[in-house]
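As structure tokens, the structure follows; a few thoughts come after it.
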Amino acid sequence: MYQFRRCIFKKVLLTGFFFAAASFLYAQNGISIDKIRDDPYFMTGSAFSLDEEEDPSVIQADNSGKSAGTEKHPDEAGTFNDDEFPSIPAPDPVEKMPLLTDSQKFLEDGYDFRGAKFNVSAGWVFQYSPVFLPSCFAANFDSLYGFEFNGVNVKIDWLFISLERVKIGASAYLAGAKFYKKDESSETFARQYSADILITVKIFSETGNQFDVHVGGGLLEIENLRFYENNELVKGPSSWNSPDLRIGAGYEIFPFNHFGLRFGADFVWPFNFENYYPKLDFSLGLTARF
């Protein structure tokens, strides 16, 4: 009796297992492959076939976003025809912007400042010469630790060699200053003049500003040198002159096409003075180009 019940129990379990497996397989494959293959809606993107009772307006609403001519239908062999793909026009070529040349970059308001052949600058000069050496000429004019502030200069550039961003030319430099020193019992007075011919190289920036370096030489003269003691002339008047070497640089800022500001610094060394007279000239002024 016990064996009979055990056999019946096994059969019931097996029957239940096969029933559950069949139900699971049917749920996973509830639509036959033949029905799916023959369904045109499934081949065009629909996940389920259209039953006869289903409203066609639902399918029409689902496909309303598709463009005409974009659907692709299989042939009898179940393959797709590539000729049914819509033709996609090629994109328009992107127009490339031409690269600007340096001449076009430098063109401002119809004025190419690189074409300027002449620069003229004028300004105020103050100079420094060491006074801590007794043999230095500036020791006679120790107005402010070797600085003298009462001078003017003019610089004229003729730029006759043009490169892409560089111009080379010749310059004339003229400067004048007055020296004066007075204390309780003595007074010293003199005038100074400089005239130099320089080789100048100017380098242009994209904004139109100019940096220049120059080197050359000329003549430096001390004129009407006089020494007074108790209002009596004790020495002079006398004049000295000497060839000199001038090396310097300057920077010119042009807020306008033709006019701007100039900053400069020069080292000057006279050769034949009785006293040493090395000096630095600092200048600040206006400049013009045309």
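- Screening residues 236-246 for side-chain hydrogen bond (donor to acceptor under 3.5 Å, both in side chains), with sequence neighbours left out, gives D196-R246, R246-D266, R246-D281.
- Legend: residues meeting side chain to side chain contact (heavy atoms under 4.5 Å, CB included) with I247, ordered by chain and number and at least two apart, are V215, L245.
- In this structure, the separation between CH2 on W269 and CG on L220 is 12.5 Å, given to the nearest 0.5 Å.
- Nearest heavy-atom pair across K279 and S129 is CB-CB, 4.1 Å.
- Every side-chain hydrogen bond (donor to acceptor under 3.5 Å, both in side chains) that Y277 has, sequence neighbours left out, goes to Q127, Q192.
- Around the CZ atom of F271, the shell of radius 6.0 Å holds more than 12 heavy atoms that belong to other residues, nucleotides or ligands.
- Distance OH/Y128 to CG/L280: 8.5 Å, rounded to 0.5 Å.
- Taken to the nearest 0.5 Å, the OG atom of S162 stands 4.5 Å off from the NZ atom of K117.
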Donor-acceptor pairs under 3.5 angstrom involving side-chain atoms of residues 224-236: please list them, not counting sequence neighbours.
{"residue": "R226", "atom": "NH1", "partner": "Y228", "partner atom": "OH", "Å": "3.4"}

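- For the atom pair CG of L163 and CD1 of I203, the computed distance is 10.5 Å after rounding to the nearest 0.5 Å.
- Around CH2 of W158, the count of heavy atoms belonging to other residues, nucleotides or ligands within 6.0 Å does not exceed 12.
- Transitive grouping of hydrophobic side chains (ILVMFWY, heavy atoms separated by less than 4.5 Å) keeps I199 and Y173 in distinct clusters.
- Between A195 and L174, the shortest heavy-atom contact is CB-CD2, 3.8 Å.
- Here the closest non-hydrogen pair linking P255 and G260 is CD-CA, 3.8 Å.
- For F282, the ring pair (Phe, Tyr, Trp, His ring centres under 6.0 Å) test picks out F126, with sequence neighbours left out.
- Residues that satisfy the salt bridge (charged side-chain N to carboxylate O under 4.0 Å, His left out) test with K202, not counting sequence neighbours, are D157, D212, E252.
- The shortest non-hydrogen separation linking V125 to V152 is CG2-C, 3.9 Å.
- Sorted by first and then second residue, the salt bridge (Lys or Arg N to Asp or Glu O under 4.0 Å) pairs with a member in residues 166-178 form an empty list; sequence neighbours excluded.
- Minimum heavy-atom separation, P243 to L219: N-CD1, 4.0 Å.
- Qualifying side chain to side chain contact (heavy atoms under 4.5 Å, CB included) partners for L286, counting only residues two or more places apart in sequence or in other chains: L261.
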Does the pair R262 and K155 meet the rule for a side-chain contact (heavy atoms from CB on, under 4.5 Å), with working shown?
CA-CA 11 Å; R262 175 180 171 81; K155 186 171 181 283; 3.8 Å; yes

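- Residue pairs satisfying the salt bridge (Lys or Arg N to Asp or Glu O under 4.0 Å) criterion with at least one member in residues 214-224, sequence neighbours excluded, are absent.
- Every side-chain hydrogen bond (donor to acceptor under 3.5 Å, both in side chains) that E187 has, sequence neighbours left out, goes to Y180.
- Ring pair F211/Y251 is tilted by interplanar angle, where 30° to 60° counts as tilted.
- Both V120 and V201 belong to a common hydrophobic cluster when Ile, Leu, Val, Met, Phe, Trp and Tyr are linked at side-chain heavy-atom distances under 4.5 angstrom.
- Cation-pi contact between R289 and F254: present, with separation from the ring centre below 6.0 Å and deviation from the ring axis of at most 45°.
- Applying the ring pair (Phe, Tyr, Trp, His ring centres under 6.0 Å) rule to Y193 yields no partners; only residues at least two apart in sequence or on another chain are considered.
- S171 contributes no side-chain N or O that, together with a main-chain N or O of L198, makes up a donor-acceptor pair within less than 3.5 Å.
- Atom-to-atom distance recorded for I253:CD1 and T207:OG1 is 9.0 Å, nearest 0.5 angstrom.
- Interatomic distance, CG of L159 versus CG of N119, reported as 5.5 Å (0.5 Å rounding).
- Between P278 and P130, the shortest heavy-atom distance links the atoms O-CD, 3.5 Å.
- Hydrophobic cluster membership for V268: none, as no Ile, Leu, Val, Met, Phe, Trp or Tyr side chain comes under 4.5 Å of it.
- By the 6.0 Å contact criterion, CZ on F267 is enclosed, its count of non-hydrogen atoms from other residues, nucleotides or ligands being greater than 12.
- In the hydrophobic clustering of ILVMFWY residues, with side-chain heavy atoms under 4.5 Å counting as a link, I168 and F160 come out together.
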